[in-house]
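Notes follow once the structure below has been shown.
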Amino acid sequence: MSQGLLARMLREATLFVIVEGVILLSFFVYYAMLAGRFSTEEVGWYALMRRVLALAMPLVTLGLAEGLAKYLATHPGRAARVRLMAISGTLIAAATAGLLAFAAAAPDRAATMLFADVRWARYALPFAAFTMGIAVHMYACGYLRGTLRIGALGVLQVVNLGILPIAVLAIAGDRALHEIVLATGVATALTGVLFLLAGARRAPSSGGQAPDGLSTSAFLRFSVTRVPAALISAGLASLVPVLAQRHIPVEQVGFLSIAVALLIGLAGAIAPLGVVLLPHVSALWASDERERVSGRVHLLIGAAIQIFAFMAAQLILFADLVIGFWVGTAYVEGADVARVVLIAALGYGFYNATRTVLDAVTDRPINAVNAALALAVVAFLALLVPLAPSVIDRAMLYAGCIAVGCSLLGLATYRVLRSLFPGGGREDLRHLVWGLGAAAGTVAIAVLLRPVAARGLAWLLAVEVVLGLVFIGTLWAARFEWVRLVASRLLPLPAGR
């Protein structure tokens with residue numbers, strides 16, 4: 001892997017760190033706006049809808065967005081590009097059209113199937129429209145990733161996932177929540193189409209004569225075999241709130257859903273690496289750069305372990321403050337539920353950070369197998385919860401099911417990754433020990449600074465910036481390679497530092 005390519009990947013990953021930060025901030029703002037306008041039950045439903053959406057998206061997009069990101073990068077010719085986009089676009093359009101037709105024709109049945117509650121029938125069509133919007137968005141993202149147009153991809157992400165939902169909610173006035181969800185879905189789809197058209201106009205017209213060795217069946221096989229992994233990993237987070245709603249009050253289901261939203265938001269903090277790694281590593285693996293890729297895997301493993309150790313520790317400590325600032329003090333009662341769920345942040349975050357490397361280097365559905373084993377454990381434990389004595393808080397038990405399953409997924413992903421890239425176990429252990437130790441040190445400081453953080457969201461963010469600098473400074477002093485490599489690519493450090 002050339003230094004120029006590595007520098008480009010780091011710049012693009014840094015861009016997406018900023019993008020994800022903007023989206024995460026928008027995520028908090030959006031939920032705060034929802035909590036200020038709608039009832040606890042409606043906000044709880046919205047959180048549940050997002051979990052159901054996470055289950056529905058793999059079935060609607062059929063893994064084609066991931067397939068585009070890989071196969072457009074490895075088959076850059078115009079003829080291959082047109083074939084890939086036509087096949088995937090047709091399949092996604094057919095799936096979304098079927099969902100829209102079903103929701104419009106039989107809203108009661110759709111609500112029962114989607115939300116296990118016919119009372120939410122008026123949300124069936126808005127949910128289908130929202131799903132359509134996200135599907136078009138993912139289709140456009142797959143195209144931009146595969147053609148390595150990371151800057152345009154970042155803009156699309158910020159617009160569709162950050163700015164647009166807040167803008168629709170702000171101008172909606174006193175509209176009902178289901179109307180807002182429908183409008184957001186339609187607007188998201190239109191924005192995705194505009195970015196696709198703009199990208200197609202700027203795409204190079206050369207390369208049309210080269211066959212590129214594209215196998216349509218290989219593309220479809222790779223894409224469809226990503227579906228179980230996405231579906232099952234979404235199920236790890238979504239299944240428990242869906243099962244729990246029959247056994248605990250809807251308010252506690254809302255607490256669980258909000259806790260899961262925090263876990264997913266945290267795990268997505270390092271998702272920029274996956275956005276950049278899949279197309280780049282796929283292209284490198286298809287060439288003669290395999291040894292150099294193998295020589296850099298330890299950096300990704302170390303960074304993922306240490307970053308999520310810090311973030312998990314901070315969110316567990318400040319869960320009540322984060323929830324209070326985010327969706328209001330009415331939800332602070334669910335902070336302990338969130339703390340239990342967030343125990344899995346290290347494992348689930350590691351899975352999200354490294355799974356694209358597995359997709360890049362092999363067509364085998366390794367992530368699906370790992371996720372299936374973890375989901376089986378979660379389902380088994382969740383089915384046992386109703387049998388627990390009534391004196392035990394069942395919401396906490398359901399939270400524990402999520403924590404166990406997502407943690408196991410991280411462990412399984414690490415095991416497979418190291419089987420493909422053997423060696424480095426001692427260095428990984430060093431990363432883990434130092435990561436946990438440095439995170440514990442920042443927790444001790446955070447306890448002292450908690451009165452400052454409690455003054456408001458801006459104060460909490462300021463405290464976290466200080467603690468983050470302390471954490472990174474500790475790792476810098478311990479001479480961890482990933483920290484110094486990132487700094488050397490992003491900062492004008494003197495030679496020899």
Side-chain angles (χ1 to χ4, degrees), residues 9-10 13-14 16-17 20 233 236 262-277 281 293-317 341-358 360-361 366-367 370-371 374 403-443 446 464 467-487:
M9 292 172 64
L10 286 172
T14 302
F16 257 80
V17 168
E20 291 293 332
S233 60
L236 281 170
L262 273 176
L263 175 65
I264 292 174
L266 179 64
I270 206 169
L273 285 174
V275 171
V276 173
L277 283 173
V281 174
V293 172
S294 301
R296 296 291 185 178
V297 168
H298 72 283
L299 298 177
L300 175 62
I301 292 175
I305 289 173
Q306 294 182 332
I307 289 172
F308 283 112
F310 169 76
M311 297 182 71
Q314 293 302 310
L315 262 184
I316 289 172
L317 176 65
V341 170
L342 289 168
I343 292 172
L346 177 55
Y348 194 59
F350 183 85
Y351 162 73
N352 275 277
T354 59
R355 64 187 176 87
T356 53
V357 174
L358 298 180
V361 302
I366 293 174
N367 290 317
N370 290 338
V404 171
C406 291
S407 298
L408 288 176
L409 179 57
L411 288 172
T413 302
Y414 173 79
R415 181 186 62 82
V416 174
L417 195 61
R418 272 306 178 199
S419 70
L420 293 173
F421 301 98
R426 293 185 65 180
E427 183 65 17
D428 297 340
L429 180 60
R430 179 172 176 264
H431 279 104
L432 177 62
V433 171
W434 271 91
L436 292 176
T442 59
V443 166
E464 286 303 319
L467 294 174
L469 292 174
V470 171
F471 182 76
I472 293 297
T474 302
L475 300 182
W476 172 277
R479 306 186 69 83
F480 281 101
E481 184 180 357
W482 74 266
V483 178
R484 290 176 171 257
L485 180 61
V486 170

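This is a predicted model, so every value here is computed, not measured.
Among all heavy-atom pairs drawn from Thr354 and Thr413, the shortest one is OG1-CG2, 3.3 Å. Closest non-hydrogen pair, Val443 versus Ala313, comes out as CG2-CB, 3.6 Å. Shortest non-hydrogen contact noted between Ala344 and Ser407 is CA-OG, 3.5 Å.
Contact check for Leu432 versus Leu346: side-chain heavy atoms found under the 4.5 Å cut-off.
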side-chain contact (heavy atoms from CB on, under 4.5 Å) assessment of Phe471 paired with Leu467 | CA-CA 6 Å; Phe471 182 76; Leu467 294 174; over 6 Å; no
Please walk me through it: do Ile301 and Phe421 pass side-chain contact (heavy atoms from CB on, under 4.5 Å)?
-> CA-CA 11 Å; Ile301 292 175; Phe421 301 98; over 6 Å; no
Verdict with supporting geometry, Leu420 and Val357, side-chain contact (heavy atoms from CB on, under 4.5 Å) | CA-CA 10 Å; Leu420 293 173; Val357 174; over 6 Å; no
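Rounding to the nearest 0.5 angstrom, the gap separating the CG atom in Leu315 from the CD1 atom in Ile343 is 13.0 Å. Rounding to the nearest 0.5 angstrom, the gap separating the OH atom in Tyr351 from the CG atom in Leu358 is 9.0 Å. We find the OG1-CZ distance between Thr474 and Phe310 to be 10.0 Å, quoted to the nearest 0.5 Å. Annotation: the span from His431 atom NE2 to Trp482 atom CH2 amounts to 8.0 Å, rounded to 0.5 Å. From Trp434, atom CH2 reaches atom CG of Leu475 across 8.0 Å, with rounding to the nearest 0.5 Å. To the nearest 0.5 Å, atom CD1 of residue Ile264 and atom CG of residue Asn352 are 8.5 Å apart.
Between the side chains of Tyr414 and Asp428, a donor-acceptor pair is found at a separation under 3.5 Å.
Under the side chain to side chain contact (heavy atoms under 4.5 Å, CB included) criterion, Ala440 pairs with no residue, sequence neighbours left out. For Thr442, the side chain to side chain donor-acceptor pair (under 3.5 Å) partners at least two apart in sequence or on another chain are Gln314. Among residues two or more places apart in sequence or in another chain, the side chain to side chain contact (heavy atoms under 4.5 Å, CB included) test is passed with Leu262 by Phe28, Val322, Ile323, Trp326, Ala338, Leu342.
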